[in-house]
Protein chains: 2
Amino acid sequence: MSQSIECSNQGWTRLQVLTIAVDIGGSLAKVVFCARDAGKLVFQSVETENIAEFMLLIHEIIQKHNGGSQSNVRIVATGGGAYKFHDLLCTEFPDVLEIARLDEMVCLIKGLDYFIHEVPEEVFTYNDLDGEHIVVPEHAKVYPYMLVNIGSGVSILKVDSPAQYTRVGGSSLGGGTLWGLLSLITGARTYDEMLSWAHGGDNTHVDMLVGDIYGADYGKIGLKSSHIASSFGKVFQRGPHSPIKESTADSILHPDTNTDDIQSRNRKFNNSDISKSLLYAISNNIGQIAYLQAKVHNVPNIYFGGSYIRGHLMTMNTLSYAINFWSNSQKQAFFLKHEGYLGAMGAFLTFQNSS
Amino acid sequence: MSQSIECSNQGWTRLQVLTIAVDIGGSLAKVVFCARDAGKLVFQSVETENIAEFMLLIHEIIQKHNGGSQSNVRIVATGGGAYKFHDLLCTEFPDVLEIARLDEMVCLIKGLDYFIHEVPEEVFTYNDLDGEHIVVPEHAKVYPYMLVNIGSGVSILKVDSPAQYTRVGGSSLGGGTLWGLLSLITGARTYDEMLSWAHGGDNTHVDMLVGDIYGADYGKIGLKSSHIASSFGKVFQRGPHSPIKESTADSILHPDTNTDDIQSRNRKFNNSDISKSLLYAISNNIGQIAYLQAKVHNVPNIYFGGSYIRGHLMTMNTLSYAINFWSNSQKQAFFLKHEGYLGAMGAFLTFQNSS
């Protein structure tokens, strides 16, 4: 998220009411507001589990950008946390003008629409071969399109017009799954640690490829030997299943203490290889489901949003690759610079023309 | 796989040539042959990594059922291992009549066709509410249907007639992924251990539900509070991400030794809960992709085969549930008693009428 978005030219800096939009998801709480002094939109986020810290952030925004007065502040909340933490918001900010609650999906498509139509250099395509290409709005704004929003879980929306959408599906295999499983296996403590590990890994040490099964391509159905047949398919084979044959001082198994098994196994399999494999597996899977939904609903353009992506090139390349592979290049994956803020942006915009 | 299949009434017990069909996959090597003395088909399997043991099994079959003579034995091989281990088969069985290689997908649909049309009480439906129901062949044999074969990975085939099929897709998230990840995390050493853990688990300890995000149902889009929004979505929150706030004697983190982190985290999350969550996640995901492929290709009936299922009720219930959920009960999941032997059965049948 390198670029900033002006808000002075919209007249938002001159509004009497300071609108603070929050989108509280399962893992991340996001905030968007217009900093009057700087004339720019501000985008920030805090882990939802640290909700007290998030409330403190809103207090700081009111202090710094509105002199501490709540009376002309409007809080616009969306995401599940708008409901779950509504009482907390009311307690923390008793003197604000209003605490509004808005539907998450409506905000997502409103935010997406704004980013596509109003923000230059926001939408881009990416793959490792061609690199990043900024998309001209004319090409990108054609309805209908799909929005695949990847947070803790995945929501897939078909957008027919600025005001018309359907949630066509979703998946429970999303960011929460990647970070949850990786932290369990590798002991990683931050997203960045896991992503940097993935970067240096070699997934073929844990994934079973077509070549591992066939010893060659499976030409008849067009699967190359390098195609991943089974994510993590090599682990159970080389793992605890045959302790005797692969026994070393480390890997001898003690029936009553699984911890020892886990340690020896985790020494056998590299954190980098595991991280890359799971990043591939989840991203590919989301890409495949997104393609299938786009196929079912006959939609050519697929926007990927949500905090899962984090501007990470390997993630975007995998999503793009999946869309190209499955659609035979008939469908196109698009990304956004402010990928994680669609919902918060939509919530912000809802009140900007009426205040 | 409780029931046996007669082969005396087919005339197979009187054939001069003993046909031994093998289907060597990424994780399991399967064998099917007709035991002349017992008049029944025999189904056996060995882990592919123990390929020497599998060769020994074939030697034993030849010894016991053909007096040790290879001269009137035909080995019919399919699966990737038919190619990868072809030289080994030739070395081990130099005096057999023939070592034939057959395409995996062709064998799968031939085997499926036989089980559907020729074997009574083979095909059934299952869900926790209604239990198991044997399907009358008339209902089940209508073309086209989908075959979702779940081994280490997943292959999805559309079958238009006994001889006509298309491999429409697949997924790398299959049995190899479930067993690989679970063995990494839990230290489990057998399939049965993981399945019995899953049985007693409570996935809501690790999965993030709609209710965890919203504090309630998300009624507008029809998602109940009990719906899984993010598989493993609670792990990274309660895991290493906020060590200070949740610190106990166990969970205090030592920066240089990830192993300690993993141990403390694995103590925080129960192996049973993890096993159930991942079994749900992978099965649901396969069910969703199967539904979407069936929708794209306008096919109402979906057969699930492959060694992933292992007759496990929770797995079948999850697959059935996913098909019902996504299709609004417009599509039907079917299972097979000999689920893991479609390919080997098809290979066996190919030569039974011509020898």
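In this structure, the separation between CD1 on B:I274 and CE on B:M194 is 12.5 Å, given to the nearest 0.5 Å. Atom-to-atom distance recorded for A:S275:OG and A:W179:CH2 is 9.0 Å, nearest 0.5 angstrom. Considering CG of B:N284 and CG of B:L279, their distance stands at 9.5 Å, rounded to 0.5 Å. Interatomic distance, A:D23 CG to A:L102 CG, rounded to the nearest 0.5 Å: 10.5 Å. Here B:N149 contributes atom CG and B:I286 contributes atom CD1; the two are 10.5 Å apart, rounded to the nearest 0.5 Å. Here B:L28 contributes atom CG and B:R310 contributes atom CZ; the two are 7.5 Å apart, rounded to the nearest 0.5 Å.
Between chain A and the options B:G153, B:S277, B:S230, heavy-atom pairs under 4.5 Å are most frequent for B:S230. Chain A forms the most heavy-atom pairs under 4.5 Å with one residue out of B:G215, B:G81, B:A229, and that residue is B:A229. The most heavy-atom pairs under 4.5 Å with chain A, out of B:G176, B:S231, B:G180, come from B:S231. For the set B:G233, B:G79, B:S152, the entry with the most heavy-atom pairs within less than 4.5 Å of chain A is B:S152. Contact count against chain B (heavy-atom pairs under 4.5 Å) is highest for A:D103 among A:I289, A:D103, A:L173, A:V210. When B:D212, B:D207, B:T166 are compared by the number of non-hydrogen pairs under 4.5 Å with chain A, B:D212 comes out ahead. Counting heavy-atom pairs closer than 4.5 Å to chain A, the top residue among B:H227, B:E104, B:H86 is B:E104. Your options are A:F232, A:Y214, A:W326, and the one with the most heavy-atom pairs under 4.5 Å with chain B is A:Y214. Comparing A:S27, A:G170, A:G169, A:S171 by heavy-atom pairs within less than 4.5 Å of chain B, the highest count is held by A:G170. Comparing A:T48, A:I228, A:I24 by how many heavy-atom pairs each has under 4.5 Å with chain B, the most go to A:I228.
Neither the backbone nor the side chain of B:A216 comes within contact range of chain A, judged by heavy atoms closer than 4.5 Å. Contact annotation for A:L178: neither backbone nor side-chain heavy atoms come within less than 4.5 Å of a heavy atom of chain B. In this structure, the portion of B:V168 lying under 4.5 Å from any heavy atom of chain A is its backbone and not its side chain. If you measure heavy-atom distances from B:I282 to chain A, you find no contacts under 4.5 Å at all. In this structure, the portion of B:L278 lying under 4.5 Å from any heavy atom of chain A is its side chain and not its backbone.
Between A:F236 and B:Y191, a ring centre-to-centre spacing shorter than 6.0 Å is recorded.
Counting heavy atoms of neighbouring residues, nucleotides and ligands inside a 6.0 Å radius, atom NZ of B:K295 does not exceed 12 of them. Heavy-atom neighbours of B:K220 NZ from other residues, nucleotides or ligands within 6.0 Å: above the threshold of 12.
Across A:I323 and A:G287, no two heavy atoms sit closer than the pair CD1-O, 3.4 Å.
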